[in-house]
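Index from 1, following the sequence.
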Amino acid sequence: MSKYKISLILNIIIVIMVIGASIMMFNGFRFMPGEIILESNKLGMFKFFTVDSNLFMGIISLLFAIFEIRLLKGNIKEIPRYMYILKLMATTSVTLTFIVVFAYLGPLVGNICLMILNSNLFFHLLVPVFSMITFLFFERNNKMLFKYSFYGLIPVIMYGLYYLINVLVHMDNGVVSPVYDFYYFVQNGVWTAIIVVPIMFIISYLISLFLWKFNKIK
């Protein structure tokens, strides 16, 4: 089986998981018992980078799958480079979600298992893992220039601005309620944003650089 066929199958699986998890969270459907953490139904779910990054991944995976179908049918000679760039951006985003959940939020709440319940089983674990495997092993492209590695920062910067503005707007005597600082980044004081923001950007770029580098390896 060619790499394009395997990538197509994996992209379709990613799209199905994103759609299913989004419907579950939107409607508050739960199939696993346990404490509810980082979940919100209806439009409130879109405040999480987890949801936004996964939806971005789902959309790009769908578009990528469409191009792969056209390629396998012989309608096009190759998948456009911009699709690989978008895939890099989306994969960087869900990989950041994966790392933050398992390296920061899981230990913070004291139980990593609570981070992979119900819709978050897909958002925090399965979609990121499938996305990394797909991009690193079955969507390699040696035409990706080094400058594209910086593009992975774009979604993180956009969300970071939203999160920071949301925190500042709801600040009360230098304190921000966890209702608005739901990732607990500035619970020790808004001044910690000076440290947290650069760290998140550095981690995001390192992820994007890693994905870019290993995507090019033959």
Practice task
With rounding to the nearest 0.5 Å, note down the distance linking CG in L63 to CG in L86.
Solution key: 8.0 Å
Problem - Side-chain touch Y180/V167, heavy atoms, less than 4.5 angstrom - result: no
Practice task
Flag yes if more than 12 heavy atoms outside F67 fall under 6.0 Å of its CZ atom; otherwise flag no.
Solution key: yes
Exercise for the section: May I ask you to test the M17-F123 pair for a side-chain heavy-atom distance under 4.5 Å? Expected result: no
Handout entry: Closest heavy-atom pair and its distance - S40, K47
Key = CB-CE, 4.4 Å
Exercise for the section: Using atom types as modelled and distance alone, determine if a side-chain donor or acceptor of D181 lies under 3.5 Å from a backbone N or O of V186. Expected result: yes
Exercise for the section: Give a yes or no answer on whether the side chain of H124 reaches the backbone of M115 with a donor-acceptor pair at less than 3.5 Å. Expected result: yes
Exercise for the section: Would you check if M45 and S22 make a side-chain contact, meaning some heavy-atom pair closer than 4.5 Å? Expected result: yes
Handout entry: Near-ring test Y162/Y159, centroid separation under 6.0 angstrom
Key = yes
Handout entry: Distance, nearest 0.5 Å, that separates OG of S131 from CD1 of I60
Key = 11.0 Å
Handout entry: Pairwise side-chain contact, E35 with V109, heavy-atom cut-off 4.5 Å (strictly under)
Key = no
Exercise for the section: Determine whether the aromatic ring centres of Y205 and F210 lie less than 6.0 Å apart. Expected result: no
Problem - Non-hydrogen side-chain atoms of N120 and M25 separated by less than 4.5 Å - result: yes
Exercise for the section: Answer yes or no: is there a donor N or O on one side and an acceptor on the other, between the side chain of S204 and the main chain of M200, under 3.5 Å? Expected result: yes
Problem - With Y163, the ring-ring contact (aromatic ring centres under 6.0 Å, His included) member among F49, F48, F182 - result: F182
Practice task
Determine whether the aromatic ring centres of F64 and Y84 lie less than 6.0 Å apart.
Solution key: yes
Practice task
Examine the side chains of T134 and E139 and answer whether a donor and an acceptor come within less than 3.5 Å of each other.
Solution key: no
Exercise for the section: Taking the six-membered ring for Trp and the full ring for Phe, Tyr or His, determine whether the centres of F146 and W212 are under 6.0 Å apart. Expected result: yes
Exercise for the section: For the residue pair V100 and T97, establish whether any side-chain heavy-atom pair is separated by less than 4.5 Å. Expected result: no
Problem - 4.5 Å side-chain heavy-atom contact, S177 and H170 - result: no
Completion exercise
CG (N141) and CZ (F135) are apart, to the nearest 0.5 Å, by 8.0 Å
Exercise for the section: Can you label the angle between the Y151 ring and the Y148 ring as parallel, tilted or perpendicular, going by 30° and 60°? Expected result: perpendicular
Handout entry: Spacing of OH belonging to Y183 relative to OG1 belonging to T50, to within rounding of 0.5 Å
Key = 3.5 Å
Exercise for the section: Ignoring hydrogens and angles, state whether a donor on the side chain of N11 or K87 is under 3.5 Å from an acceptor on the partner side chain. Expected result: yes
Exercise for the section: Would you give the length of the straight line joining atom CD1 of I66 to atom OG of S61, rounded to the nearest 0.5 angstrom? Expected result: 11.0 Å
Exercise for the section: Count the heavy atoms of every other residue, nucleotide or ligand shown that sit under 6.0 Å from CG of N75, and state whether that count exceeds 12. Expected result: yes
Problem - Distance-minimising heavy-atom pair for A21 and S119 - result: O-CB, 3.5 Å
Handout entry: Close side-chain approach of V190 and V176, heavy atoms under 4.5 Å
Key = yes
Problem - Ring-ring centroid check Y104 F185, cutoff 6.0 Å - result: yes
Exercise for the section: Can you sort out the partners of K143 under side-chain hydrogen bond (donor to acceptor under 3.5 Å, both in side chains), two or more places apart, ordered by chain and number? Expected result: E78
Handout entry: From L121 atom CG to M32 atom CE, the distance as rounded to the nearest 0.5 Å
Key = 5.5 Å
Handout entry: Under 3.5 Å donor-acceptor, T92 side chain and L88 backbone
Key = yes
Exercise for the section: Check the hydrophobic clustering (I, L, V, M, F, W, Y; side-chain heavy atoms under 4.5 Å; chains of links allowed) and say if I202 and I194 are grouped together. Expected result: no
